[in-house]
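Below you'll find the structure, written out as structure tokens, and then a few comments.
Atoms within each ligand, like the ligands themselves, are counted from 1 in listed order. We number each residue from 1, following the sequence as shown. Quick caveat, the model's predicted, so the values are computed rather than measured.
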Amino acid sequence: MIELKSMFPEELEAFLVSLGEPKFRAKQIFSWMTKGAVGFGEMRNIPQALRDKLAQTATVNSLKLLKKQTSASDGTTKYLWELRDGNAVETVVMRYDHGMTVCISSQVGCRQGCAFCASTIGGLVRNLTAAEMLDEVLFSQLDQGGKISNIVIMGIGEPLDNYDEVLRFLRLVNLPEGLNIGMRHIALSTCGLTEGIEKLARENLQITLALSLHAPDDETRTRLMPANRGRGIAEVIRACESYFAATGRRITFEYAMINGVNDSPAQAEKLAELARRVKAHINLIPLNHVEEREFAPSAPERMRAFCKILTDRGANFTIRRSLGGDVDASCGQLRRKRELEKSE
Ligand code: SAH
């Protein structure tokens with residue numbers, strides 16, 4: 001099936017012209033897609049014959065809601081969607097005072113193998129298409145009944161391992177006639193695929209780059225994140241520096257605090273030093289416990305000592321508020337549960 005939502009307006013026009021249709025049909029269809037039409041049947045200003053013809057080869061809808069859970073305490077909503085091939089991905093909507101942020105998945109599964117993460121347990125199944133990522137934003141927004149103001153690509157998958165479709169998604173979601181979400185309101189999180197970071201720097205988009213650092217020394221980082229092997233922190237940091245130089249956008253370091261693994265005073269010193277060099281903002285995340293994994297979140301006193309060193313060194317950091325704890329809102333947990341249920 002041809003996914004019309006993955007097309008830029010000029011591609012959609014060319015597609016309709018190739019069917020012998022006038023160009024203006026593209027605008028009409030684009031507008032229906034942006035409103036959330038799930039089939040051609042709804043497109044009242046499109047002639048029936050064309051609707052029938054399109055329905056045979058093309059689609060405007062890639063997701064079906066499988067499950068929705070809303071946190072009783074903070075209103076965080078987690079969606080589990082079924083894709084047309086039967087796979088499933090997750091999207092989370094978080095409500096803040098300044099608006100709604102949607103956290104989207106970029107792949108079904110992941111092949112990066114981070115030792116603390118639930119999304120990578122079954123490996124990579126496939127990349128998501130731009131249309132599927134757009135639908136994550138669109139259908140969450142329609143369900144929430146308010147405007148999504150920010151997007152973070154921090155759900156299942158490694159976005160820079162799906163570079164072309166993610167870039168297409170970014171440009172489509174940014175279109176004024178589409179969802180119209182500004183690049184400065186979008187953050188992309190990566191485990192540190194340096195080639196991808198350097199390529200992204202050259203696109204010169206105004207998105208925020210978040211690096212999942214999680215350890216300031218190569219020994220610990222490689223143990224936690226196989227993607228560090230063969231690259232090393234020095235190379236990843238160089239790529240972040242070129243991103244900052246090209247875009248002027250400050251990098252964020254994500255750092256999941258893992259008890260006795262990456263939370264020593266010496267590691268705090270090193271982290272502060274790296275952040276100072278790159279002018280990065282540090283986002284400390286209390287580790288979410290994943291059943292299959294051996295790691296535990298840092299004990300409160302270790303966390304306090306770590307933060308004190310960061311403060312003393314003048315590092316710029318925040319501790320991420322944990323939302324949606326009662327709805328399995330962290331990466332890959334719902335999809336993982338479904339996989340387990342299916343195999344029972
Ligand atoms: N692949 C990308 C984006 C997806 S994960 C990346 O690696 O950045 C989004 C963030 O959640 C990453 O920083 C990831 O390392 C982190 N994460 C994964 N599992 C986690 C867990 N159990 N607890 C806390 N953070 C976790």
Side-chain angles (χ1 to χ4, degrees), residues 78 89-92 94 101-125 127-128 133 136 151-163 165-166 169 186-194 196-197 200 207-216 220-228 231 233 236 239-240 243 251-259 261-263 271 280-298 303 317-325 328-337:
K78 178 129 195 178
V89 286
E90 296 167 35
T91 307
V92 182
M94 293 152 290
T101 296
V102 64
C103 173
I104 66 160
S105 298
S106 56
Q107 296 182 312
V108 180
C110 183
R111 59 173 166 179
Q112 304 304 325
C114 294
F116 46 82
C117 180
S119 299
T120 197
I121 292 171
L124 175 68
V125 179
N127 285 329
L128 291 188
M133 290 180 264
E136 290 186 68
I151 301 175
V152 295
I153 310 180
M154 292 190 186
I156 299 170
E158 166 50 47
L160 296 182
D161 189 35
N162 181 17
Y163 191 91
E165 287 300 308
V166 166
F169 159 75
I186 303 177
L188 180 152
S189 177
T190 176
C191 63
L193 304 185
T194 39
I197 296 174
L200 192 65
I207 62 170
T208 297
L209 180 69
L211 171 71
S212 297
L213 186 61
H214 301 319
T220 312
R221 191 164 194 270
T222 301
R223 175 178 160 214
L224 294 175
M225 306 178 71
N228 194 57
R231 291 191 176 91
I233 293 170
V236 180
C240 289
Y243 188 85
I251 309 282
T252 301
F253 286 164
E254 285 163 282
Y255 202 97
M257 302 282 299
I258 311 177
N259 204 41
V261 175
N262 64 356
D263 59 354
L271 173 62
H281 178 88
I282 304 165
N283 212 338
L284 294 179
I285 312 160
L287 182 83
N288 274 304
H289 178 68
V290 173
E291 241 166 64
E292 290 88 342
R293 303 303 207 187
E294 74 216 78
F295 301 111
S298 294
M303 186 125 180
F317 75 98
T318 42
I319 301 172
R320 184 181 293 169
R321 197 158 54 105
S322 186
L323 294 174
D328 289 322
S330 47
C331 305
Q333 296 195 10
L334 264 192
R335 173 174 170 262
R336 180 85 194 121
K337 268 195 187 156

Partners passing side chain to side chain donor-acceptor pair (under 3.5 Å) against Thr194 (at least two apart in sequence or in another chain): Arg231, Glu235
Tell me the contacting part of Glu254 for ligand 1: side chain, backbone, both, or neither, using a 4.0 Å heavy-atom threshold, strictly below. side chain
Proximity of Thr190 to ligand 1 by residue part, where a heavy atom lies under 4.0 Å: backbone
With heavy atoms under 4.0 Å as the rule, classify the contact between Val290 and ligand 1 as side chain, backbone, both or neither. side chain
Where is the tightest heavy-atom contact between Ala256 and Leu287, given as atom of each residue plus distance? CB-CD1, 4.2 Å
Hey, are the side chains of Met257 and Ile285 touching, using non-hydrogen atoms and a 4.5 Å cut-off? no
Is a donor on one side and an acceptor on the other found under 3.5 Å between the side chain of Thr318 and the backbone of Asn283? no
Considering Ala115, Cys103, Cys114, Ser189 one by one, which has a heavy atom nearer to atom 3 (C) of ligand 1 than any of the others? Ser189
Between Phe116 and His214, ring centroids under 6.0 Å: yes
State which residues pass salt bridge (charged side-chain N to carboxylate O under 4.0 Å, His left out) with Glu254; sequence neighbours excluded, sorted by chain then number. Arg320
If you compare all heavy atoms of Ala115 against all heavy atoms of Arg223, which two are closest, and at what distance to 0.1 Å? CB-O, 4.0 Å
Answer yes or no for Cys110: is there a heavy-atom contact with ligand 1 below 4.0 Å? no
Out of all atoms in ligand 1, which are within 4.0 Å of some heavy atom of Cys191? Include the element for each. 6 (C), 7 (O), 8 (O)
Heteroatom proximity flag, Gly157 to ligand 1, N/O under 3.5 Å: yes
Phe116: numbered ligand 1 atoms lying under 4.0 Å from its heavy atoms: 15 (O), 17 (N), 18 (C), 19 (N), 20 (C), 21 (C), 22 (N)
If I apply the N/O under 3.5 Å rule, does Gly155 come out as touching ligand 1? no
Provide the closest heavy-atom pair for Tyr255 versus Pro216 in the form atom of the first, atom of the second, distance. OH-CD, 3.3 Å
Under 4.0 Å from one or more heavy atoms of Cys117, ligand 1 contributes atoms 18 (C), 19 (N)
May I ask whether His214 places a heavy atom under 4.0 Å from ligand 1? yes
